[in-house]
Every structure is written in structure tokens, then in C-alpha cells.
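Report on the following structure.
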Amino acid sequence: DPPPEPATVVEQSPPGTLVYTVKACDRDSNPAYNMVRYEFVTTPVNFTHCYPTPSLYFNLDETTGRITTTANMIDREATWPNTLDEFVLCIKASSGMNGRKKRALDNVAWDYVDKDQYLYLLVSVQDINDQDPYLTNPGTVATAVLKFPTSDNVVQLQAIDRDSNLYNKIRYSITSTIFPSLGRNLPIDGAFTINPETGQIRVGMPSYLAFTDGYFMIDVKVEDIADPSKTNHTQVKIFVADEASQVRLVGQTNDLSDPSITADNLITELKGLGGLDFQRTKIQYHTTLSGETVHAQTDICFVVIRNN
């Protein structure tokens with residue numbers, strides 16, 4: 001395939017925006033014989049990568065060679081996760097006198113072929129910042145912590161911006177933390193923190209003794225760093241459980257196996273039941289009341305958040 005000529009179109013360009021002008025000439029001096037006609041083609045004889053439906057996004061004036069955008073504006077992210085980053089447009093210049101004369105294109109370097117000439121145009125789509133951050137776990141996220149958390153990390157939020165690298169940087173922040181109690185919404189600032197770059201929510205208090213058997217409702221905002229007016233929001237519901245309110249499963253384990261393998265298998269079975277949300281808190285080899293460790297069994301401790 002010959003190398004295509006470069007061109008650029010800005011995403012969401014209005015109809016009629018000029019993208020490129022194809023220019024061909026016929027060497028006949030008589031105006032009656034030097035007319036040139038332009039058209040899109042999808043299967044030229046010497047190129048294999050033409051965009052199959054160019055008229056969906058582009059108009060080509062058959063007499064002037066002007067390529068402009070149509071009313072169907074280009075949306076780079078319309079078919080996410082696939083993106084529309086470029087088009088290869090194939091244009092044929094042929095004689096207006098039934099192909100009687102050969103012609104040459106001014107803006108191509110290779111020799112003309114038979115009676116017609118072809119231009120291969122690589123149109124790159126220049127992205128604009130038109131996408132709001134998108135949360136991969138939308139709606140209210142429910143999880144749980146113990147009153148003395150075994151881990152600082154509570155829950156991981158994840159958001160993406162569908163724009164290109166120039167515009168897809170996002171920032172996480174907690175806008176409010178409420179502890180509903182006795183019919184009142186008590187603001188508890190600093191109970192949790194969030195990493196502004198990763199969306200990891202962590203414990204912000206050393207003890208939850210006063211909040212046992214209740215829950216926090218956290219509002220989280222995700223914003224586009226390049227354009228803070230582009231935002232998305234979600235809520236995280238964090239239950240506070242007592243050590244005694246945990247559920248423990250005891251699974252049979254091969255003496256030589258990792259207890260987490262047994263735990264993962266049991267957790268998978270639980271999730272398969274449906275209607276059950278839980279937060280795993282501990283995995284360890286089984287410990288008897290006398291304090292003896294039994295390597296043939298695994299303790300899996302978790303807090304049930306929802307059970308239908």
C-alpha cells in the first residue's frame with residue numbers, strides 16, 4: 001500500500017467543516033477535455049485499508065475536491081471501549097470525459113495508474129474534552145469495617161475518563177461523611193480519607209467503638225482535572241461491625257496448601273448463592289478453643305452486609 005497523506009479533523013466539528021481539498025489536473029489544455037471528477041471509493045486496485053462508509057461522516061464535492069464534515073458529527077467515544085481515532089479515505093480522480101485522458105494528482109508523489117488516479121488520506125481525529133468521568137461501580141457501594149479495623153484500606157473506587165490521554169486525568173474527593181443516628185444525620189468529618197489519584201478509601205479514625213452496629217454514608221465526587229465542571233458522584237455505605245458480629249466459616253484444607261485458596265473457593269460458592277453482600281475480614285488456619293492451630297482447616301471470617 002502507498003503511504004497515505006495526513007489530515008486532521010476535530011471531534012464534534014460542525015457540518016461543513018473543511019477537512020482537506022483534493023486537487024487533480026488533466027494535461028489537456030482544452031477545457032472541453034480537462035474536467036476531473038472526484039469520488040470516494042472503498043475497493044481501489046492498489047490499496048486495502050479504505051474506510052468502508054466514508055459518506056457517513058464526510059462529503060466530497062465531485063467537482064472541487066473539497067472534503068467536509070456531514071451533519072453526522074464525529075464522536076470519538078461513541079462506541080466505547082472502541083474509539084474512533086482515524087479514518088483512511090480513498091478518493092478517485094477520473095476524467096469527466098468518460099476516462100479518455102490520463103491525469104496526475106498534485107498532492108501525491110507516485111505515478112498515475114491507468115486512466116484514474118487515487119489519493120489515500122489518513123484523517124486523524126483530534127480529541128476534545130467532552131466526557132465526564134465514569135464510575136465502574138456506580139450507585140451506592142456497600143462495605144463494612146470492624147470497630148478496630150484489621151486493615152486501613154476499606155474499599156477501592158474506580159473511575160475512568162473516556163477522553164484521550166490529554167484529557168483523561170481525574171481526581172477523587174470526599175464531599176461529606178454522615179453517620180445516621182436517632183433520626184439525625186451527624187456529620188463526622190475525617191472518619192475516612194480517599195486517595196485523590198487512586199480512589200482508595202482508607203480509615204481516618206483509630207477506633208469505631210462509638211459507632212458499632214451503625215453505618216457511615218460517604219459522598220464521593222470524581223472530577224475531570226482539566227475541566228472541574230465535568231464530574232460524577234457516588235455514595236459509599238460503610239457498616240461498623242463488632243468483632244462478635246462476624247460470621248466464621250471453617251473449611252477443610254490440605255495440610256500443605258495456602259489457606260487463602262480454600263477461602264477463595266468458599267467465597268466463590270457464597271457469591272454464587274446470590275442476594276448476599278459481605279466483607280471478608282480475616283483468613284487464618286483454624287484455631288481451637290485451647291489455642292491449638294489446625295492446619296487441615298481454614299477459618300474465614302466476614303461481616304454480612306446484606307442477606308436476602
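For Glu197, the CD atom sits in a loose shell: 12 or fewer heavy atoms of surrounding residues, nucleotides or ligands are nearer than 6.0 Å.
Minimum heavy-atom separation, Pro52 to Thr42: O-CG2, 3.3 Å. In this structure, Ile160 and Ile170 approach most closely via the heavy-atom pair N-CD1, 4.2 Å. Cys90 approaches Tyr120 most closely through the heavy-atom pair SG-CD2, 3.6 Å. Nearest heavy-atom pair, Thr198 versus Tyr172, reported as atom, atom and distance to 0.1 Å: C-CE1, 3.6 Å. The two residues Val36 and Ala24 have their closest heavy-atom pair at CG1-CB, 4.0 Å. Shown here for Met73 and Pro14, the closest heavy-atom pair between the two residues is SD-CA, 4.0 Å.
In terms of hydrophobic clustering, with Ile, Leu, Val, Met, Phe, Trp and Tyr side chains grouped at heavy-atom distances under 4.5 Å, Leu56 and Val9 are assigned to a common cluster. Hydrophobic clustering of Ile, Leu, Val, Met, Phe, Trp and Tyr side chains at less than 4.5 Å, counting indirect connections, unites Leu186 with Ile174. Residues Ile283 and Val304 do not share a hydrophobic cluster, defined by chaining ILVMFWY side chains whose heavy atoms lie under 4.5 Å apart.
Asn59 and Thr70 share no donor-acceptor pair across their side chains, judged by distance under 3.5 Å alone. No side-chain donor-acceptor contact under 3.5 Å links Gln131 and Asp163. Asp61 and Thr63 share a donor-acceptor pair across their side chains, judged by distance under 3.5 Å alone.
Remark: Lys237 qualifies as a cation-pi partner of Tyr215 under the 6.0 Å distance and 45° angle criteria applied to the six-membered ring. By the 6.0 Å and 45° rule, Arg162 stacks over the aromatic ring of Tyr134.
Residues Phe40 and Ser55 form a side-chain contact, since some pair of their non-hydrogen atoms from C-beta on lies under 4.5 Å apart. Between Glu77 and Asn82 there is no side-chain heavy-atom pair separated by less than 4.5 Å. A heavy-atom distance below 4.5 Å is not found between the side chains of Ser176 and Pro187. Val220 is listed as a side-chain neighbour of Leu157, based on a closest heavy-atom distance under 4.5 Å. In this structure, the side chains of Thr234 and Asn137 stay at 4.5 Å or more apart for every pair of heavy atoms. Arg248 is listed as a side-chain neighbour of His286, based on a closest heavy-atom distance under 4.5 Å. Contact of the Leu84 side chain with the Tyr57 side chain is registered, since non-hydrogen atoms from C-beta on lie closer than 4.5 Å. A heavy-atom distance below 4.5 Å is found between the side chains of Asp75 and Gln12.
Atom CG of Asp224 and atom OG of Ser229 lie 8.0 Å apart (nearest 0.5 Å). Note: Asn168 CG to Asp127 CG = 9.0 Å, rounded to the nearest 0.5 Å. Taking CD of Glu292 as the reference point, atom CG of Leu289 lies at 11.0 Å (rounded to 0.5 Å). In this structure, CG on Asn232 lies 5.0 Å from CG on Leu135, to the nearest 0.5 angstrom. The distance from atom CD of Gln246 to atom CG of Leu249, rounded to the nearest 0.5 Å, is 11.5 Å. Here the CD atom belonging to Glu39 is positioned 4.5 Å from the NZ atom belonging to Lys92, to the nearest 0.5 angstrom.
Classified by interplanar angle (parallel below 30°, tilted 30° to 60°, perpendicular above 60°), the ring pair Phe47/His49 is perpendicular.
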### Query
Could you walk me through whether Thr193 and Ile201 pass the side chain to side chain contact (heavy atoms under 4.5 Å, CB included) check?
CA-CA 6 Å; Thr193 63; Ile201 294 179; over 6 Å; no

#### Entry: CA sep, side-chain torsions, deciding dist, call: Val41, Ile91, side chain to side chain contact (heavy atoms under 4.5 Å, CB included)
CA-CA 6 Å; Val41 290; Ile91 300 103; over 6 Å; no

### Task
Show your working on side chain to side chain contact (heavy atoms under 4.5 Å, CB included) between Ile178 and Phe216 and close with a plain yes or no.
CA-CA 6 Å; Ile178 301 298; Phe216 292 90; over 6 Å; no

### Query
Run the side chain to side chain contact (heavy atoms under 4.5 Å, CB included) check on Tyr20 and Leu119 step by step: do they pass?
CA-CA 11 Å; Tyr20 196 85; Leu119 174 68; 3.7 Å; yes

### Message
One pair to check against side chain to side chain donor-acceptor pair (under 3.5 Å): Thr175 and Asp219. What are the steps and the verdict?
### Response
CA-CA 6 Å; Thr175 57; Asp219 290 318; 4.7 Å; no

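Proximity of the aromatic rings of Phe211 and Phe179 is defined here by a centroid distance below 6.0 angstrom, and this criterion is met. In this structure, Phe58 has its ring center closer than 6.0 angstrom to the ring center of Phe87.
Shown are Ile238, Val236, Val155; of these, the side-chain contact (heavy atoms from CB on, under 4.5 Å) with Phe192 is made only by Ile238. With Ile218 as the partner, the side-chain contact (heavy atoms from CB on, under 4.5 Å) test is satisfied by one option alone out of Ile194, Val141, Thr177: Thr177.
For Lys230 (side chain) and Ala226 (main-chain N/O), no donor-acceptor pair under 3.5 Å exists by modelled atom type. A donor-acceptor pair under 3.5 Å links the side-chain atoms of Glu11 to the main chain of Ile128, judged by distance alone. Although no hydrogens or angles enter the test, the distance criterion places no donor-acceptor pair under 3.5 Å between the side chain of Ser13 and the main chain of Thr17. Between the side chain of Thr298 and the main chain of Gln284, no donor-acceptor pair closer than 3.5 Å is present. Without hydrogens or angle criteria, Asn195 side chain to Gln200 main chain gives no donor-acceptor distance under 3.5 Å.
For Arg171, the salt bridge (Lys or Arg N to Asp or Glu O under 4.0 Å) partners at least two apart in sequence or on another chain are Glu223.
Look at Arg76 and Asp85 and you find a salt bridge, because one of the NZ, NE, NH1 or NH2 atoms lies within 4.0 Å of a carboxylate O, short of that distance. Residues Glu62 and Arg37 are paired through a salt bridge, judged by an N-O separation under 4.0 Å between the basic side chain and the carboxylate.
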